[in-house]
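Data block below; observations after.
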Amino acid sequence: MGILSDKVAIVTGGASGIGRATALKMAAEGASVVIGDINSEGSDTVVDAISGAGGIASSVPTDVSRPDQVEHLIREAVSRYGKLHVLCNNAADLSLLQYDGDFLQTDIDTWDRTYAADLRSVMVACKYALPHLLESGGAIVNVSSVDGISGDNTRFAYAAAKAGINILTQCTATTYGQQGVCCNAVLPGLVLSPGALETFSREPEIKAAFEDNVLTPHLGTPEEVAAVIVFLASEAASYINGQLIQVDGGLLSHVPHLAQVGHHFAKLGE
């Protein structure tokens, strides 16, 4: 018996990265998983992997920037499996990051599209899922980012959207928590997703910078983030609500000059 046995879960953006790892782990823990992703081929591959391992899964092609498609995703999940216990809002349009800089670099269309895909999609999914989650006493886990709680000199639109997810998480927990719904957010730092691995192959110095600043001997994987998401989706986390949980290897837990000072003293010791 897994910790999500007999549960029905939706994972948006489940075709790759953290979403894929989450869908696979939820299914391994006994959930019937519905993947909503614009990448239908990728979603079907994950569904096949789950089915091949003896789990239950299906996919619903979904562009989360389209409210009508998000509503359809929720409706389909309930229609197919009868109930809904878990909503994992993971989807984001990472293709927009290449256009996302500071205020002077980023056009308004990029802001609007980022808002629609990364923040409004979470609100819409919660809006349509909540009637079912209130009935089942379910859980919402939103995938935010450490970018939403710390300043940077780029990705302003993405960071603002993630900050919005954080307060939306807390408002949801505040409003519906005593009615039995838990809503928490996971804030990943750098994760070794396919996109990150591609970047590191071109710019290894970026990887070195992160390795210097995490407080673990390795960089994070999608599976490590998924493990936290699945725990928060389970009844084992029933007394955790309205929390923003950093899964970042300690990236934001130390003074900002730690790595530079460490390199300085290392050179003195040579």
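All heavy atoms count here, side chains included; hydrogens, waters and symmetry mates do not. Treat the numbers as computed from the prediction; the structure is a model and nothing was measured.
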Roughly how far, to the nearest 0.5 Å, is [atom2] of [Y] from [atom1] of [X]?
X: Glu224; Y: His218; atom1: CD; atom2: NE2; value: 3.5 Å
X: Asn213; Y: Ser253; atom1: CG; atom2: OG; value: 11.5 Å
X: Glu235; Y: Lys7; atom1: CD; atom2: NZ; value: 4.0 Å
X: Tyr99; Y: Arg155; atom1: OH; atom2: CZ; value: 15.5 Å
X: Met123; Y: Ile165; atom1: CE; atom2: CD1; value: 12.0 Å
X: Cys183; Y: Leu87; atom1: SG; atom2: CG; value: 8.5 Å

Checking [X] side chain against [Y] main chain: does a donor-acceptor pair fall under 3.5 Å?
X: Thr12; Y: Ala91; result: yes
X: Thr221; Y: Leu192; result: no
X: Asn184; Y: Ile240; result: yes
X: Asp6; Y: Gly30; result: no
X: Asn241; Y: Val181; result: yes
X: Glu29; Y: Leu4; result: no
X: Asn90; Y: Gly13; result: yes
X: Ser79; Y: Arg75; result: no
X: Gln105; Y: Asp102; result: yes

Is there side-chain contact between [X] and [Y], with at least one heavy-atom pair below 4.5 Å?
X: Leu244; Y: Ser144; answer: no
X: Thr172; Y: Ile140; answer: yes
X: Val124; Y: Glu71; answer: no
X: Ile50; Y: Leu24; answer: yes
X: Val143; Y: Ile229; answer: yes
X: Val60; Y: Ile10; answer: no
X: Asp100; Y: Leu97; answer: yes
X: Leu232; Y: Cys182; answer: no

Honestly curious: do [X] and [Y] fall in one hydrophobic cluster under the side-chain, below-4.5 Å linking rule?
X: Ile245; Y: Leu168; value: no
X: Val33; Y: Ile18; value: yes
X: Leu119; Y: Leu73; value: yes
X: Leu84; Y: Tyr128; value: yes
X: Phe210; Y: Val146; value: yes

Any pair counted as salt bridge (charged side-chain N to carboxylate O under 4.0 Å, His left out), so long as it reaches residues 78-91, sequence neighbours left out: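 Output for this query lists Glu76-Arg80.
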Member of Asp248, Leu251, Leu252 meeting the side-chain contact (heavy atoms from CB on, under 4.5 Å) criterion with Ser150: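 When Asp248, Leu251, Leu252 are each tested with Ser150, the side-chain contact (heavy atoms from CB on, under 4.5 Å) holds only for Leu252.
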Atom [atom1] of residue position [X] - does it have more than 12 heavy atoms of other residues, nucleotides or ligands inside 6.0 Å?
X: Glu41; atom1: CD; answer: no
X: Glu203; atom1: CD; answer: yes
X: Leu197; atom1: CG; answer: yes
X: Gln178; atom1: CD; answer: no

Side chain to side chain contact (heavy atoms under 4.5 Å, CB included) between Asp93 and Thr114, worked out: CA-CA 7 Å; Asp93 189 347; Thr114 299; over 6 Å; no
Side chain to side chain contact (heavy atoms under 4.5 Å, CB included) between Ile149 and Asn166, intermediate numbers included: CA-CA 9 Å; Ile149 57 171; Asn166 295 342; 3.5 Å; yes
Of all the heavy-atom pairs spanning [X] and [Y], show the shortest one and how long it is.
X: Cys88; Y: Met26; result: CB-CE, 4.3 Å
X: Arg120; Y: Pro67; result: NH2-CD, 3.7 Å
X: Ala77; Y: Val34; result: CB-CG2, 3.8 Å
X: Gly19; Y: Val11; result: O-CG1, 3.7 Å
X: Asp147; Y: Ala159; result: O-CB, 3.3 Å
X: Leu133; Y: Val86; result: CD2-N, 3.9 Å

Is there a donor in the side chain of [X] and an acceptor in the side chain of [Y], or the other way round, less than 3.5 Å apart?
X: Asp152; Y: Thr154; value: no
X: Ser58; Y: Tyr81; value: yes
X: Thr110; Y: Asp107; value: yes
X: Asp37; Y: Ser43; value: no

Qualifying residues under ring pair (Phe, Tyr, Trp, His ring centres under 6.0 Å), relative to Phe231, sequence neighbours excluded: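 Residues passing ring pair (Phe, Tyr, Trp, His ring centres under 6.0 Å) with Phe231: none at all.
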Pairwise ring-ring contact (aromatic ring centres under 6.0 Å, His included) hits with a residue in residues 130-171, at least two apart: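 Those involving residues 130-171 are Phe103-Phe156.
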